[in-house]
Amino acid sequence: MHYDPVLAWESMPTLLAGTATTFAVLLPVLVLGLLLALPVALMRLERGGKAVFAASYIAFFRGVPSLVLLYLVYSGLPQLSVVRDTFLWTVFSNAYFCAWVGLTLTHSGYMAEIIRGGLAAVPPGVVEAATALGLSPRQALFRLRLPMAARYVLKAYQNELLIMVKSTSAVSAITLVDLTAAANTVFDYTYDPFTPLVTAAAIYWCIVNIMRIGFTMADRKLNRHLARG
Amino acid sequence: MNAVTQIAVPSPVRRETPAAVAISIRKLNKFYGGFQALRDIDLEVGQGEIVILCGPSGSGKSSLIRCINHLEQHNSGTIRVNGTELTHKASDVAQVRRQLGMVFQGFNLFPHMTVLANCTFALRLALRLPAAEANDIAREYLARVNVQDQAAKYPSELSGGQQQRVAIARALCLKPSIMLFDEPTSALDPESVGSVLRIMEDLAATGITMVCVTHEMGFARRVADRCVFMEKGEIVEEGTSDRFFSAPSTARLKAFLQQVL
Ligand SMILES: Nc1ncnc2c1ncn2[C@@H]1O[C@H](COP(=O)(O)OP(=O)(O)O)[C@@H](O)[C@H]1O
Ligand SMILES: [Mg+2]
């Protein structure tokens, strides 16, 4: 078993196509997951029915493995006649759509918990100060609480993001050829497992580290007030 | 008196109701769950009057001051600020808050914003002023509390006294006619206390209305028109600062003054 640079070079188009699929799955999931997580996190901080709903949502989607969720969305839902016999069949038979739905649900569960934690860490007195200065609750949320929460949760978000990058490989279970699946295809044709998988790992490593550098820069910019203090 | 000219008189908002009354509180009751924190509070504060609230910890001073700007909701009774009754309706709350500036014990500056941005934040968002105009106003008030040199710094780079003065400037930027202070110097080291009290004395001399919770009895004696003593959620005694300190009529106030003086 040795690393074969020629094979690595020749399989590069396949692996990069897989990388493209990985991003095509990942980017919408990150956006949609964040948008979905925000109202859930806000409901989680209220009292009564909304909080119970939000807590159940978070517990459920953090608890169910994303692979199981992907199978359920891709193979399970079309068994229901409301999906099978309506226009929904068209969308749910699209593997990309199912990947987005499944991973977004998982991601939003984790993100809701992260955002909730960030909002809870904002000192109430600071929000009161803004309120006393005449900001509306909406302004206080979007212009003060969320920007402050974002600064607190950078580290947790970075972790979640890196885990998401790698968990996109679950989508090969529903026929999508992402980076991991592409490496596997090369293995199938060449009987060399080592070269394509190590190359794929290197590509993941690059993606993850570019993101890490991005986070370091964001942290430097957003948390300037801590650095100088 | 040089100090008098340091802070401009914020234009008092005058309304149709008795012109002389800034804050009028009648039969105010406040509960936290089953616990009654304020009991039948009656208090009137005239325009331009400096009222000091004192009393032991837990007597309801913060609750009272926080009810006035609706950071806490009162359960019964009425609060009027410059003639506007403070109901729980958002529009009334907003109208009342526009008249009030609030300074907290813990400063409560926005930690991720520079000193200047702290001061312009509400000007830009609540009053929707353009940035340049907001900056001018902020710099003017920062100069009045002697922290103009710190405008580009973050709160964490300032001393406690400087932070509290920024908090005062931040509130003054919105040109309130009434300032509420809740133990503004209690979190400060002794050297900083003086710098904040001096600013407050200057402010008191400008004709602004002030309600101030403080344990600084020397300050109270110098600036107060009237002192109010609270205990267990009730106003026990109130009077002009002369009479309050030299001839307290209740045993409870006497005991309290003996402790703090
Ligand atoms: N948010 C709250 N929930 C429950 N009890 C409170 C709350 N805020 C204050 N209290 C109680 O109300 C009483 C008065 O508190 P406070 O107004 O803070 O007094 P002071 O400012 O005079 O020390 C105290 O017994 C305090 O424990
Ligand atoms: Mg208090």
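Model, not experiment: these values are computed from the prediction. In what follows, chains carry the letters A, B, and so on, assigned in the order in which the sequence lines appear, proteins first and then strands, with residues in each chain numbered from 1.
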Heavy-atom pairs under 4.5 Å with chain A - which of B/Gly101, B/Ala90, B/Pro111, B/Cys173 has more of them than the others? B/Pro111
Among residues 29-57 of chain A, those lying within the under-4.5 Å heavy-atom range of chain B are none
Spacing of A/Arg143 atom CZ and B/Phe121 atom CZ [to the nearest 0.5 Å]: 6.5 Å
Interatomic distance, CZ@B/Arg97 vs CG@A/Leu135, rounded to 0.5 Å, equals 10.5 Å
Heavy-atom distances under 4.5 Å only: say whether [X] touches chain A with side chain, backbone, both or neither.
X        : answer
B/Leu100 : backbone
B/Leu109 : backbone
B/Arg66  : side chain

Counting only N and O atoms by type, is there a donor-acceptor contact under 3.5 Å from the side chain of A/Glu128 to the main-chain atoms of B/Leu71? no
Donor-acceptor contact present, side-chain B/Asn108 to main-chain A/Gly125, <3.5 Å: yes
What are the two closest non-hydrogen atoms of A/Gly134 and B/Ala126, and how far apart are they? O-CB, 3.7 Å
Let me know if A/Arg151 has heavy atoms under 4.5 Å from chain B in its side chain, its backbone, both or neither. side chain
Who wins among A/Pro123, A/Ala129, A/Pro124 for the most heavy-atom pairs under 4.5 Å with chain B? A/Ala129
Which residue out of A/Leu133, A/Val122, A/Leu144 racks up the most heavy-atom pairs below 4.5 Å with chain B? A/Leu133
Can you label the angle between the B/His112 ring and the A/His225 ring as parallel, tilted or perpendicular, going by 30° and 60°? perpendicular
